[in-house]
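Worksheet: the structure to be examined is printed underneath.
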Amino acid sequence: LNEIDMTPLATFHGKDILIVEDNRINLSVFVSLIQALGANTRTAQNGLEAVAQVANAMPDAILIDLHMPLMDGYAALAVLMDAHGTALPPAVATSANATPEEDRRCKAEGFIDFLPKPVDPEKLKAVLDTAISYSVPAPVLDRARGGFLAGYNETLYEQTIPRFNKSLTALAPAQPTPNHVRRSRR
């Protein structure tokens, strides 16, 4: 058998991963593998618990099963995206239903990746490494678009810039969290 390298990485040290899984065995496997990488784990057994946990404390990444009772992974992600917008950390979908259609749907709904079950530890490590380091470039001021939106009124445009900057500051999370771009929902 090939040995799997689950050596803790500096990337994972102290990171908080929320694992949302209703199956005790799958949950145990995810917790063991992720903790072996050096990350801290929290668990939820369904989407409702996940929503409550994220409202209480924002994790660095979320690993979420798609098919659970009470609230499935798709519904949970939709609620989380509506509530937290770009402050929501990257979410990775997991499912035993490993079809190309499921993978496409996950990405269309806003998950950054899809992990089929049973999970491949190397793939889990790679996906979480990507999720934890996911970021978005800072917004760039588009002067041409701003001028157009201000009706090419230079005074109005110059008065709007400070309000724009203030709104960006208000949208920033209170504590540093990995931000990411979500695909817009239909």
task: Give me the one residue out of Val29, Asn23, Thr94 that meets side-chain contact (heavy atoms from CB on, under 4.5 Å) with Lys117.
output: Thr94
query: Got a second to check how far Thr43's OG1 is from Asp22's CG, nearest 0.5 Å?
result: 12.0 Å
task: Considering only NZ, NE, NH1 and NH2 on the basic side and carboxylate oxygens on the acidic side, decide whether Glu122 and Lys125 come within less than 4.0 Å.
output: no
query: What is the minimum heavy-atom distance between Leu18 and Ala50, and which atoms define it?
result: CD2-O, 4.1 Å
message: Would you compute the distance between atom CE of Met71 and atom CD1 of Ile64 and round it to the nearest 0.5 angstrom?
response: 9.0 Å
field: Verdict with reasoning, Thr99 to Arg105, per side chain to side chain contact (heavy atoms under 4.5 Å, CB included)
entry: CA-CA 10 Å; Thr99 64; Arg105 180 178 177 203; over 6 Å; no
message: Has Ser32 got a side-chain atom pairing as donor or acceptor with Ser28's backbone, closer than 3.5 angstrom?
response: yes
- request: Give the cluster check for Val51 versus Leu70: same hydrophobic cluster or not, with ILVMFWY residues linked at side-chain heavy-atom distances below 4.5 Å.
  value: yes
Within-4.5 Å side-chain heavy-atom neighbours: Val127 and Phe114: no
task: Go through the steps to decide whether Leu77 and Leu88 satisfy the test side chain to side chain contact (heavy atoms under 4.5 Å, CB included), and finish with yes or no.
output: CA-CA 10 Å; Leu77 182 63; Leu88 184 68; 3.9 Å; yes
- request: Kindly give the heavy-atom pair with the smallest separation between Ala93 and Cys106, and that separation in Å.
  value: CB-SG, 3.5 Å
- prompt: Looking only at heavy atoms, which two atoms of Pro89 and Asp60 are closest? And how far apart?
  reply: CB-O, 3.3 Å
Worked verdict on Phe30 versus Ile17 for side chain to side chain contact (heavy atoms under 4.5 Å, CB included): CA-CA 10 Å; Phe30 282 126; Ile17 311 297; over 6 Å; no
task: Output the distance between atom CD (Gln159) and atom CD (Glu154), rounded to the nearest 0.5 Å.
output: 11.0 Å
statement: Rounding to 0.5 Å, atoms OH (Tyr74) and NE2 (His67) come to a distance of 5.5 Å
message: Taking Ala57's backbone N and O only, do any of them form a donor-acceptor pair with Arg42's side chain (distance below 3.5 Å, no angle check)?
response: yes
task: Could you tell me which non-hydrogen atom of Gly73 sits nearest to which non-hydrogen atom of Met68, and how far apart they are?
output: N-CE, 3.8 Å
query: Under 4.5 Å between any side-chain heavy atoms of Leu63 and Leu115, yes or no?
result: yes
- prompt: Does a side-chain N-to-carboxylate-O contact under 4.0 Å join Lys107 and Asp103?
  reply: yes
field: Any donor-acceptor pair under 3.5 Å from Asn40 side chain to Asp16 backbone
entry: no
message: Would you say that Asn26 contacts Asp65 through its side chain, given a criterion of any heavy-atom pair below 4.5 Å between the two side chains?
response: no
- prompt: Honestly curious: do Tyr152 and Leu156 fall in one hydrophobic cluster under the side-chain, below-4.5 Å linking rule?
  reply: no
field: Gap between atom CD of Glu21 and atom CG of Leu66 - 0.5 Å precision
entry: 10.0 Å
query: Hey, does Ile34 have a side-chain heavy atom less than 4.5 Å from the side chain of Leu128?
result: yes
Shortest non-hydrogen contact from Pro69 toward Asn46: O-CB, 3.4 Å
field: Spatial distance of atom NE2 (His13) from atom CD1 (Ile132) [nearest 0.5 Å]
entry: 12.0 Å
